[in-house]
Amino acid sequence: TCGHILVCGEPGSGKTSFVEALLYSLVKKTTPEQFQFYIMDYSSRLLKVFRNLPHCGAVLEEDDAEQSTELFRLINGIIQERKKLFSTLEVSSYSDAVKRQPLPFILVVIDNVAGFLQTKAGQKQYDQLQYDLKNSVNYGVSYLFTIGHVNEINMRTRQELKARIALRLKDKYDYTDILGVKCTCLPPEKPGRGLFSHRGEALEIAAGKICTGAGSGGADPEVKRGSK
């Protein structure tokens with residue numbers, strides 16, 4: 001696992017397409033016993049295409065407020081169960097636990113976090129979300145957030161999202177704010193193109209155009225060095 005993921009980009013920059021490409025890539029390479037995901041789609045409502053995949057636990061939208069509360073309760077329950085299991089196995093991390101017993105890596109996607117936090121359910125679950133961000137990675141549970149601007153989440157939340165991807169942004173200085181490294185180059189102004197930080201350097205990433213039919217394959221995100 002790579003920890004929690006933050007994807008930031010202005011409208012039309014390809015955030016949802018990036019999520020689609022990433023999920024299809026993971027689904028192609030794993031079984032449901034190895035990888036499972038849950039989606040909260042507060043953006044385009046295009047992610048419901050994943051509902052029928054065996055890896056998918058749920059795809060929730062804005063109208064599913066009650067179910068979103070249940071989802072956080074489920075995720076917290078999984079974390080608590082794994083805490084007990086790790087104690088029994090006498091291990092301290094997910095990577096050590098899966099060597100002893102099969103456990104799926106779990107990814108929770110919240111597409112348009114600002115939209116989620118504006119709902120009553122989002123406001124109610126905020127403290128639980130902060131707890132999960134701080135404690136879940138060690139137990140094989142990661143979150144992926146998409147936002148339109150760096151100011152849509154507070155610094156406390158941003159600090160827990162170690163893997164960061166900046167798609168097209170209005171201000172060139174926003175890339176540095178998101179990635180936490182000095183960006184000497186900008187990505188092409190095309191959907192799905194952006195930068196991410198790796199060992200103190202900003203690298204370019206491109207998510208290929210994917211199919212939207214359930215079960216269809218998607219292109220793996222491509223990584224290369226950005227051009228000045």
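- Closest approach of Ala202 to Leu179, counting heavy atoms only: CB-CD1, 4.3 Å.
- Between Tyr143 and Phe145, the angle of the ring planes goes over 60°, which puts this pair in the perpendicular group of the 30/60° scheme.
- In this structure a side-chain-to-backbone donor-acceptor pair under 3.5 Å is present from Thr146 to Asn112.
- For Phe50 and Phe37, the ring centers sit closer than 6.0 Å to each other.
- The neighbour count for Lys182 NZ, taken as heavy atoms of other residues, nucleotides or ligands under 6.0 Å away, does not exceed 12.
- With hydrogens and angles disregarded, a donor-acceptor distance shorter than 3.5 Å links the side chain of Ser142 to the backbone of Gly3.
- Under a 3.5 Å cut-off, the side chain of Arg193 and the backbone N or O of Ala206 do not form any donor-acceptor pair.
- Judged by distance alone, the side chain of Asp41 and the main-chain N or O of Leu60 form no donor-acceptor pair under 3.5 Å.
- Thr30 contributes a side-chain N or O that, together with a main-chain N or O of Leu26, makes up a donor-acceptor pair within less than 3.5 Å.
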* Could you go through the side-chain hydrogen bond (donor to acceptor under 3.5 Å, both in side chains) check for Tyr24 and Glu20 one step at a time? => CA-CA 6 Å; Tyr24 276 125; Glu20 290 177 318; over 6 Å; no
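- Ion pairing of Glu81 with Lys84 is absent here, as no side-chain N (NZ or NE/NH1/NH2) approaches a carboxylate O to less than 4.0 Å.
- The shortest non-hydrogen separation linking His4 to Glu160 is CD2-O, 3.3 Å.
- A donor-acceptor pair under 3.5 Å links the side-chain atoms of Arg82 to the main chain of Tyr139, judged by distance alone.
- Electrostatic pairing of Asp177 and Arg164 does not count as a salt bridge here, judged by no charged N lying under 4.0 Å from a carboxylate O.
- Between Glu10 and Lys170 there is no salt bridge, since no side-chain N of the basic residue sits under 4.0 Å from a carboxylate O of the acidic one.
- Around OH of Tyr173, the count of heavy atoms belonging to other residues, nucleotides or ligands within 6.0 Å does not exceed 12.
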* Asked: Can you list the steps and then say if Leu85 with Leu103 is a side-chain contact (heavy atoms from CB on, under 4.5 Å)?
  -> CA-CA 11 Å; Leu85 176 62; Leu103 289 172; 3.9 Å; yes
* To do: List the steps, then state whether side-chain hydrogen bond (donor to acceptor under 3.5 Å, both in side chains) holds for Thr157 with Gln130.
  => CA-CA 7 Å; Thr157 300; Gln130 291 288 344; 2.5 Å; yes
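- Formation of a donor-acceptor pair under 3.5 Å by the Arg100 side chain with backbone atoms of Leu89 is found in this model.
- Ring-centre distance between Phe116 and Phe72: below the 6.0 Å cut-off.
- With respect to Val19, the side chain to side chain contact (heavy atoms under 4.5 Å, CB included) criterion is satisfied by exactly one of Ile5, Leu144, Leu46: Leu144.
- With hydrogens and angles disregarded, no donor-acceptor distance shorter than 3.5 Å links the side chain of Gln125 to the backbone of Gly122.
- Checked by atom type and distance alone, the side chain of Ser136 pairs as donor or acceptor with a backbone atom of Val141 at under 3.5 Å.
- Put simply, the side chain of Asn135 never gets that close to the backbone of Asp132: no donor and acceptor are under 3.5 Å apart.
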